[in-house]
Visitor: 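Below is the structure I would like to discuss, written out as structure tokens.
Reckoned from all heavy atoms, side chains included, excluding hydrogens, waters and symmetry mates.
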Amino acid sequence: VQTCALPIFATGSTNNLLDNVIVRYGGGGGSSSNIDIDTSSLIISDSIVEYSSNDGIYVNGASPSIIGVITGNVIRNNNDDGIHLYNSSGSTITGNTISGNGDYAIHMSRDSINSTATTSGNTITGNGYNGIELAGGTLSVAATWVADAPYIARFSLGVASGVTLT
């Protein structure tokens with residue numbers, strides 16, 4: 001297992017994999033997190049992401065799979081959110097232990113609420129807020145939200161006429 005900090009996955013990169021790595025002590029000097037993702041092709045599995053001065057994992061306009069395989073990822077002790085989805089769709093967040101983060105276990109920006117993000121099989125404990133933050137906005141596509149923790153509407157959250165939320 002190798003210890004590293006601040007991997008950045010740029011738009012257009014493909015077939016990226018972080019498997020069985022430890023990423024810690026990032027998030028300073030202009031970076032928002034231990035892992036910044038700006039791509040649509042990344043799998044993070046069986047890894048530890050911890051001690052960021054900001055978010056553990058920051059997903060910006062991408063749709064990676066953040067998947068725990070076998071024993072899953074441990075995302076812990078980051079100052080802000082464990083996982084922060086910004087303007088992101090289609091992320092898969094499963095089988096992780098998300099704990100001890102200073103803010104939300106998972107944050108979804110107002111631009112991410114109309115995504116097809118999937119969360120399941122996660123263990124969420126000991127965070128500032130043990131839930132999935134929805135940063136407001138209007139849901140404009142039919143959605144089924146299933147999670148291992150409550151959804152928390154931080155700002156006004158609406159559902160457009162004719163749209164079903166279950």
Visitor: Nearest 0.5 Å, please: how far is CD1 in I57 from CG in L85?
Guide: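 Rounded to the nearest 0.5 Å, the CG-CD1 separation comes to 9.5 Å.
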Visitor: Not counting sequence neighbours, which residues clear side-chain hydrogen bond (donor to acceptor under 3.5 Å, both in side chains) with D55? List them please.
Guide: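 For D55, no residue satisfies side-chain hydrogen bond (donor to acceptor under 3.5 Å, both in side chains) once neighbours in sequence are set aside.
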Visitor: Which pairs pass salt bridge (Lys or Arg N to Asp or Glu O under 4.0 Å) with one or both residues in residues 92-108, sequence neighbours excluded?
Guide: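 Non-adjacent pairs meeting salt bridge (Lys or Arg N to Asp or Glu O under 4.0 Å): zero.
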Visitor: Kindly compute the distance separating CG (N101) from CD1 (I124), expressed to the nearest 0.5 Å.
Guide: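 Going from CG on N101 over to CD1 on I124, the span is 10.0 Å.
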Visitor: To the nearest 0.5 Å, how far apart are CG in N20 and CD1 in I22?
Guide: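 With rounding to 0.5 Å, CG (N20) is 8.0 Å from CD1 (I22).
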Visitor: Can you list the other members of the hydrophobic cluster that holds Y129, where links are side-chain heavy atoms under 4.5 angstrom apart?
Guide: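 When side chains under 4.5 Å apart are linked, the cluster holding Y129 also contains Y104, I152.
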Visitor: Taking atom CD1 of I75 and atom OG of S33, what is their separation to the nearest 0.5 Å?
Guide: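 Taking CD1 in I75 and OG in S33, the distance rounds to 11.0 Å.
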Visitor: Applying ring pair (Phe, Tyr, Trp, His ring centres under 6.0 Å), name anything that partners H84, two or more places apart in sequence or on another chain.
Guide: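 H84 satisfies ring pair (Phe, Tyr, Trp, His ring centres under 6.0 Å) with Y58, H107 only.
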Visitor: Are side-chain heavy atoms of L134 and L139 found at a separation under 4.5 Å?
Guide: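 Side chain of L134 against side chain of L139, heavy atoms only: no contact under 4.5 Å found.
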Visitor: Can you tell me if N78 uses its side chain to pair, donor with acceptor, with the backbone of S52 under 3.5 Å?
Guide: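 Yes.
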Visitor: Tell me if a side-chain donor or acceptor on S47 pairs with a main-chain N or O of V21 at a distance below 3.5 Å.
Guide: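 Side chain of S47 to backbone of V21, a donor-acceptor pair under 3.5 Å: yes, one is there.
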Visitor: Enumerate, atom names and distances included, each donor-acceptor pair closer than 3.5 Å involving a side-chain atom of residues 153-162, sequence neighbours excluded.
Guide:
unit_1: R154; atom_1: NE; unit_2: E133; atom_2: OE2; d: 3.4
unit_1: R154; atom_1: NH1; unit_2: E133; atom_2: OE2; d: 3.1

Visitor: Once rounded to the nearest 0.5 Å, what's the spacing between atom CG of N96 and atom OG1 of T119?
Guide: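 The OG1 atom of T119 is 10.5 Å from CG of N96, to the nearest 0.5 Å.
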Visitor: Excluding sequence neighbours, so at least two apart, what forms side-chain hydrogen bond (donor to acceptor under 3.5 Å, both in side chains) with N130?
Guide: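 Partners of N130 by the side-chain hydrogen bond (donor to acceptor under 3.5 Å, both in side chains) criterion, ordered by chain and then number, come out as N127.
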Visitor: Return yes if some donor-acceptor pair links the side-chain N/O of N122 with the main-chain N/O of I98 below 3.5 Å, else return no.
Guide: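 Between the backbone of I98 and the side chain of N122 there is no qualifying donor-acceptor contact (under 3.5 Å).
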Visitor: Looking at G131 and A149, what are the two nearest heavy atoms and their distance?
Guide: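 Distance-wise, the nearest heavy atoms are CA-CB, 3.8 Å.
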Visitor: Would you say N77's side chain and E50's backbone share a donor-acceptor pair under 3.5 angstrom?
Guide: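 No.
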Visitor: Do T94 and S120 have side chains that get closer than 4.5 Å, going by heavy atoms?
Guide: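 SC-SC contact between T94 and S120 confirmed.
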Visitor: Give a yes-or-no answer on whether the side chains of D19 and S45 include a donor-acceptor pair shorter than 3.5 Å.
Guide: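 S45 and D19 do have a side-chain donor-acceptor pair below 3.5 Å.
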Visitor: What is the minimum heavy-atom distance between M108 and I132, and which atoms define it?
Guide: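 Reported closest heavy-atom pair: SD-CG2, 4.0 Å.
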Visitor: For V49, which of I83, V74, I35, N73 qualifies under side-chain contact (heavy atoms from CB on, under 4.5 Å)?
Guide: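 When side-chain contact (heavy atoms from CB on, under 4.5 Å) is applied between V49 and each of I83, V74, I35, N73, only I35 qualifies.
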